Amino acid sequence: MLTRKQYELLLFIHERIRESGVPPSFDEMKEALDLKSKSGIHRLITALEERGFLRRMEKRARALEVIRLPDNMAETARPATTRSQAQRILPAARHGRVEPRTDPRNAAPRRAMGDSENSVNVPLVGRIAAGTPIEALQNRIADVPVPSGMIGRGDHYALEVTGDSMINAGILDGDTVIIQESDTANTGEIVVALVDDNEATLKRLRRRGDSIALEAANPAYETRLYGADRVKVQGKLVGLIRRY
């Protein structure tokens, strides 16, 4: 049996992963559930793990996987296109305690990286640093089959991540990120940024007046500040593929 908050958190995590391919941060979960501290989120996640709804990857920051869903979440948990849509679904779940059912057919489908059914081939063009900027994007290396639901409008490409500066955003060394080509981005979005027409990096973009900050998601790395003319957006993160 799930409590109301456990149910709401499971729904929010499920919708966020379906929306962006990346689990929400603890701050985002705390805000979505209107809790005062992250300790409450930790307790809810632990309870969902114990009940077999979530799995938390050891030694990986913010790496959560939804294993199964209660039957009565099936109609509520539709794919959301924005964070606000996912959050608007939450009030519909607030009806006290929820009785889960254990039929594994209710779990969200998982697709292997090599499974081409209902997938779109996206070119893998090189490696990108989630840390100190490295050499800019290379030529097409291979094709990566990506679930079609992850792909929106426009052109897309894939990059292999090296480094650990984005681990608190759920992006780990060795992951493959799916990027939508774009030369613009809103502040707060994770982007491929080309610095001085020479070095490419994967970071969260923040606009600060006439400057652009490229922000890591790991306290071990400093935020780098550049003049706006030194940074060119090459695309925005829309999904992530990981091999276990």
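Given the structure is predicted, the values throughout are model-derived calculations rather than measurements.
The CZ atom of Phe26 sits 11.0 Å away from the OG atom of Ser39 when rounded to the nearest 0.5 Å. Taking CG of Leu9 as the reference point, atom OG1 of Thr3 lies at 9.5 Å (rounded to 0.5 Å). The distance from atom CG of Leu10 to atom CG of Leu64, rounded to the nearest 0.5 Å, is 10.5 Å. For the atom pair Leu33 CG and Tyr7 OH, the distance stands at 13.0 Å (nearest 0.5 Å). Put simply, CD1 on Ile128 and OG1 on Thr201 are 6.0 Å apart, with the number rounded to the nearest 0.5 Å. Note that OG1 of Thr46 is 11.0 Å distant from CD1 of Ile41, once rounded to the nearest 0.5 Å.
With hydrogens and angles disregarded, no donor-acceptor distance shorter than 3.5 Å links the side chain of Asp175 to the backbone of Val161. Checked by atom type and distance alone, the side chain of Asp173 pairs as donor or acceptor with a backbone atom of Gly163 at under 3.5 Å. In this structure, Ser165 contributes its side chain and Asn218 its backbone to no donor-acceptor pair below 3.5 Å. Using a distance-only test at 3.5 Å, with no hydrogens or angles considered, no donor-acceptor pair links the side chain of Arg55 to the main chain of Ile67. For the pair Glu189 (side chain) and Leu205 (backbone), a donor-acceptor distance under 3.5 Å is absent.
Taking both residues in full, the closest heavy atoms of Gln234 and Tyr157 are given as O-OH, 3.1 Å, listed atom of the first, atom of the second, then distance. Closest heavy-atom contact between Val144 and Ala158: CG2-CB, 4.2 Å. Residues Arg204 and Ala169 come closest through the heavy atom pair NH2-CB, 4.1 Å. Residues Phe12 and Glu28 approach most closely at CE2-O, 3.8 Å, considering heavy atoms. The heavy-atom pair separating Thr187 from Arg206 by the smallest distance is OG1-CA, 3.2 Å. Taking each heavy atom of Ala185 and Arg207 in turn, the nearest pair found is O-NH2, 2.9 Å.
Side-chain atoms of Gln6 and Arg51, non-hydrogen and from C-beta on, do get closer than 4.5 Å to each other. You'll find the side chain of Ile45 reaches within 4.5 Å of the side chain of Met29, heavy atoms only. Under the 4.5 Å side-chain criterion, counting only non-hydrogen atoms from C-beta, Val66 is in contact with Leu54. Here the side chains of Leu159 and Leu202 are not in contact, with every heavy-atom distance at 4.5 Å or above. Looking at Val233 and Thr184, their side chains never come closer than 4.5 Å, going by heavy atoms from C-beta outward. Residues Lys5 and Leu35 are in side-chain contact: their nearest non-hydrogen atoms beyond the backbone lie under 4.5 Å apart. Ile151 has its side chain within reach of Ile178: a pair of non-hydrogen atoms, C-beta onward, lies under 4.5 Å apart. Side-chain contact check for Val191 versus Ser182: every heavy-atom pair is 4.5 Å or farther apart.
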Run the side chain to side chain contact (heavy atoms under 4.5 Å, CB included) test on Ile171 and Leu237 for me, step by step, so that the C-alpha distance in whole Å, both residues' side-chain angles and the decisive distance to 0.1 Å come before the verdict. CA-CA 11 Å; Ile171 303 170; Leu237 176 72; 3.8 Å; yes
Apply side chain to side chain contact (heavy atoms under 4.5 Å, CB included) to Val177 and Val192, showing your working. CA-CA 10 Å; Val177 290; Val192 173; 5.9 Å; no
Test side chain to side chain contact (heavy atoms under 4.5 Å, CB included) on Asp143 and Leu124 and set out the steps. CA-CA 6 Å; Asp143 285 331; Leu124 177 68; over 6 Å; no
Verdict with reasoning, Met166 to Tyr221, per side chain to side chain contact (heavy atoms under 4.5 Å, CB included): CA-CA 9 Å; Met166 297 301 289; Tyr221 292 82; over 6 Å; no
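Under the 4.0 Å criterion applied to side-chain N and carboxylate O atoms, Glu215 and Lys203 are not assigned as salt-bridge partners. For Lys232 and Asp197, the salt-bridge test passes: some basic side-chain N is under 4.0 Å from an acidic carboxylate O.
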